Amino acid sequence: MDTMNSASLPVETLPEGRPANLSRRGFLGAALGTLVLGVALPGGLARAQGAAAPAVKPGTRVPAFLEIRADGTVLLRSPFIEGGQGIFTAMAQIVGEELDVDPARFTVDCAPPGPDFLVMNGRRVTGGSFSVRRSYGTMRGLGAAARQMLLQAAATRLGVPVASLSTEPGRVRHAASGRVLDYGALAAEAAALPVPDGAPLRAEKDFRWIGKPIPRLDVRDKSVGKARYSIDLALDGMLQAAVQHAPRLGGEPGAFANEVEVTAMPGVHSIHRLPGAVAVLADRWWRARRAVEALRVTWTDPAPGTRNAMPADFSSEAMRAALAAAPGPGIAAETQGDTVAALRNAARVVEATYDAPYLAHGQLEPPSALARWNADGTLDLWLPNQAPEVFQRAAATVAGIAPEKVAIHSPLLGGFFGRHFLYETANPFPQAILLSKAVGRPVKLIWSREEEFLRDALRPMGLARFRAGLDAEGLPVALEAEAVGEGPTGRWYGRKPDAADPSAVEGIAGKPYAIAHRRVAHVPLPHPAVIGYWRSVGHSMNDFFSETFFDEMADDSHQDPYALRLRLLADKPRHRTLLEAVGSLSGGWKRGPFTAEDGSRRARGVAMASPFGSEVATIAEVSVKDGTVVVHDVWVAIDPGRIVNPAIIEAQVNSAVALGLSAALLEQVVYAGGVPQARNFDGYPILPPDRMPRVHIRIVESGAPMGGVGEPGLPGVPPAVANAVAALTGQRVRSLPLSKIRFGTT
């Protein structure tokens, strides 16, 4: 039995088959002899792993990203990680467009940590619906530069001016002589050339692939089981690990009641103490899990001052009460006009308070990590992550070595949703590092679903208070809103004392409606629970709060909520167009209640949202059966400004609708006694397939700056459903999920 201690983790701003007994950096160094457009990178790609790599302008060194093989196929090292959102395909489309190579000819892998790949203003994060919109110009320029290098190589070989040459997919053509050279034949010569500055970009009217529904590159491997995730990987001589965490965060393992018996269980190698947990290593993971769960541990209470310790009396009910009792007026995030005077002079005042629960991530792939210490003191680490450089630095701190000695490998993610950021106690890789060092062998650690639910970084519980002043016509002239609680951005990246956390107020602040007097504030109240990012972040609950309150304002003055939105968007043509588009998509707005063809009584609700640089309008149609809400159809009009792949957008919106509906109808993490009550999906239901509605999508390209597409489809779903339920039943929902309420019909 070993005892281990881990340094506290810093929190920072944001090939197919099994790995052989060879580090990735060693593999790449060997492979560069056969992949011919990679040899020009000074020091080889492996040097990019280190923090001490030379200063470079991210996204400009073509050999760091592209390798063109002799057969003309292309390996692209993506700055971003594929987790089902289609980013590898989008990167191939963008680079392939300018390189003039069919995206189907690409193999895409996630790039290792390094300065070349910090293409988001000096950072690299796969999340926040940022990947395409923050890298679009850079990746186009990269492809254009590579194409220019190939043209120059062809001009030298043929003895003709570059201007006399053109490209077609995968080839350079000299029209005057009819001579054609494949890219694969030119790659070695092109690699020896300097990377040009300002290579010309293709005119948008000539795009072959950008803007087209190109099939996903990863679908076939996933369909036939060839895709490899972190939990699939194996190394020679590897041991497998399972853990049991302290039930309450901050506790530590004390005495073991049956250590001898557990050590004698089949396949067990050893038992280890970890910070806040115990682990068993075995020859198979199932044996490790059975053994660690059989181990009877006496857990000590958290010592005074323990970081992240969970109070023994913490409960969701008490937290909701604390949020409700927290006094305003809070820190202003948005102010316009004079709300105090406008509310005092209003004909009517409408007030309401809303709340939403903690939510788990519950991604398909449970957390895991595979660690191997090498004879030279370096560390290889395979793990799901959304920010390789951040994890490299954190892993180096745990390991006690320099960051350049840590090689981070980023496999496909089996689920995203903000789960794979650095959340201190919510990540398994520190445990894997310590276990591998203790036994001198590679160790793969997988958290069971029960341990994942116990240590997840949750979407924070939220509460918001609203007051609106209406004039004699029933039009809103003033709005005050206070968002109470804590957002993940403030938790992990800090918040100035006099500044609101943007992740706590987004979806309430910045709404487009013409309300002359507005004040949106953040009332900070820290959560004892570990919180994290969740798909669409603050929008996931705040748009539910603000858009259902909008309908309450409309109802108070006996106005149709769709018509009132149109009226208040008279000076916002982009939003008005989108709202009209979703109305048209749904066959024309009708609130109801009305009788459907099947005889059921139904109603519709509408909501607007402005998440992550995109605009979205949503309509939902619902009925009630046996007191439970049934959602039949959801219509979504999305304006991301400009697009790369409409098929990916449609897939993203469909998945966002599913997750938004699951949160609205079913999901909640309930704490009692300082621990979450649900430890698996039997206690944390998610949307089953037979409750998934038909989803209808219309993409509206306004020409505005490119926005995100991964998260914007979610925030409009909960309020659209809640507004439809209110229209149908007369019961106004102010607290999620809807499963807490048994509904009747009017």
Side-chain angles (χ1 to χ4, degrees), residues 80 83-87 90 125-136 359 386 416-418 459 487-489 502-503 505-513 533-547 565 569 572 574-579 581-582 585 605-620 634-664 695-721:
F80 306 107
Q85 82 280 38
I87 192 62
V125 173
T126 307
S129 296
F130 277 127
S131 299
V132 170
R133 59 180 168 138
R134 285 288 179 89
S135 68
Y136 181 70
L359 295 181
Q386 294 179 237
F416 240 112
F417 322 132
R459 197 280 303 268
T489 297
S503 64
V505 297
E506 60 186 6
I508 302 175
K511 301 296 283 190
Y513 306 119
Y533 291 95
W534 197 84
R535 192 170 184 175
S536 77
V537 198
H539 286 279
S540 66
M541 55 184 167
N542 288 338
D543 280 296
F544 162 70
F545 302 156
S546 60
E547 288 294 297
R565 283 177 172 83
L569 295 172
K572 297 292 179 65
R574 183 183 183 191
H575 300 84
R576 186 180 178 94
T577 296
L578 200 62
L579 186 56
V582 78
L585 181 65
V606 63
M608 302 283 289
S610 303
F612 304 96
S614 292
E615 300 293 339
V616 181
T618 307
I619 291 175
V634 174
W635 295 270
V636 180
I638 179 171
D639 175 8
R642 303 166 67 188
I643 68 174
V644 171
N645 189 321
I648 289 177
I649 294 175
E650 291 190 9
Q652 288 277 45
V653 171
N654 269 284
S655 70
V657 168
L659 199 56
L661 191 58
S662 187
V695 180
H696 317 267
I697 301 164
R698 179 170 295 173
I699 300 170
V700 179
E701 281 192 87
S702 64
M706 185 178 288
V709 299
E711 296 168 282
L714 189 152
V717 175
V721 170

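Keep in mind that what you see is a predicted model, and the values were worked out from it rather than measured.
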Whether the side chain of [X] engages the backbone of [Y] through a donor-acceptor N/O pair (distance < 3.5 Å, no angle test) should be reported.
X	Y	result
S503	T489	yes
R574	D639	yes
R565	A607	no
S536	P712	no

Which heavy atom in [X] sits nearest to a heavy atom in [Y], and how many Å separate them?
X	Y	value
L585	V636	CD2-O, 3.7 Å
I648	A90	CD1-N, 4.4 Å
D543	G507	OD1-O, 3.4 Å
P611	P715	CG-CG, 4.0 Å
A581	V700	CB-CG2, 4.1 Å

Rounded to the nearest 0.5 Å, how far does [atom2] of [Y] lie from [atom1] of [X]?
X	Y	atom1	atom2	result
I643	I649	CD1	CD1	4.5 Å
F417	S540	CZ	OG	13.0 Å
I638	I697	CD1	CD1	8.5 Å
R535	S662	CZ	OG	12.0 Å

Please tell me if the side chains of [X] and [Y] come closer than 4.5 Å, counting only heavy atoms from C-beta onward.
X	Y	answer
K511	E547	yes
T577	S702	no
L714	W534	yes
M608	Y513	yes
V606	L579	yes
T126	Q85	yes
Y136	V644	yes

Quick one: which residue pairs count as a salt bridge (Lys or Arg N to Asp or Glu O under 4.0 Å) with a foot in residues 640-660, not counting sequence neighbours?
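For residues 640-660, and leaving out neighbouring residues, the salt bridge (Lys or Arg N to Asp or Glu O under 4.0 Å) pairs sorted by first residue read E204-R642.
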Pairs in or reaching into residues 698-717: which pass salt bridge (Lys or Arg N to Asp or Glu O under 4.0 Å), with residues at least two apart or in two chains?
none
Can R133 and F612 be said to form a side-chain contact (heavy atoms from CB on, under 4.5 Å), step by step?
CA-CA 10 Å; R133 59 180 168 138; F612 304 96; 3.4 Å; yes
Qualifying residues under salt bridge (charged side-chain N to carboxylate O under 4.0 Å, His left out), relative to R134, sequence neighbours excluded:
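Listed in chain order: nothing, the list is empty.
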Name all residues meeting the salt bridge (charged side-chain N to carboxylate O under 4.0 Å, His left out) criterion together with E506; count only those two or more places apart in sequence or in a different chain, and write none if there are none.
none
Hits for ring pair (Phe, Tyr, Trp, His ring centres under 6.0 Å) against H575, two or more places apart or cross-chain, chain-then-number order -> none
Among pairs that include at least one residue of residues 635-655, which meet ring-ring contact (aromatic ring centres under 6.0 Å, His included), considering only residues two or more places apart or in two chains?
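The answer is W635-H696.
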Would you please test V582 and T618 for side-chain contact (heavy atoms from CB on, under 4.5 Å) and show each step?
CA-CA 7 Å; V582 78; T618 307; 5.7 Å; no
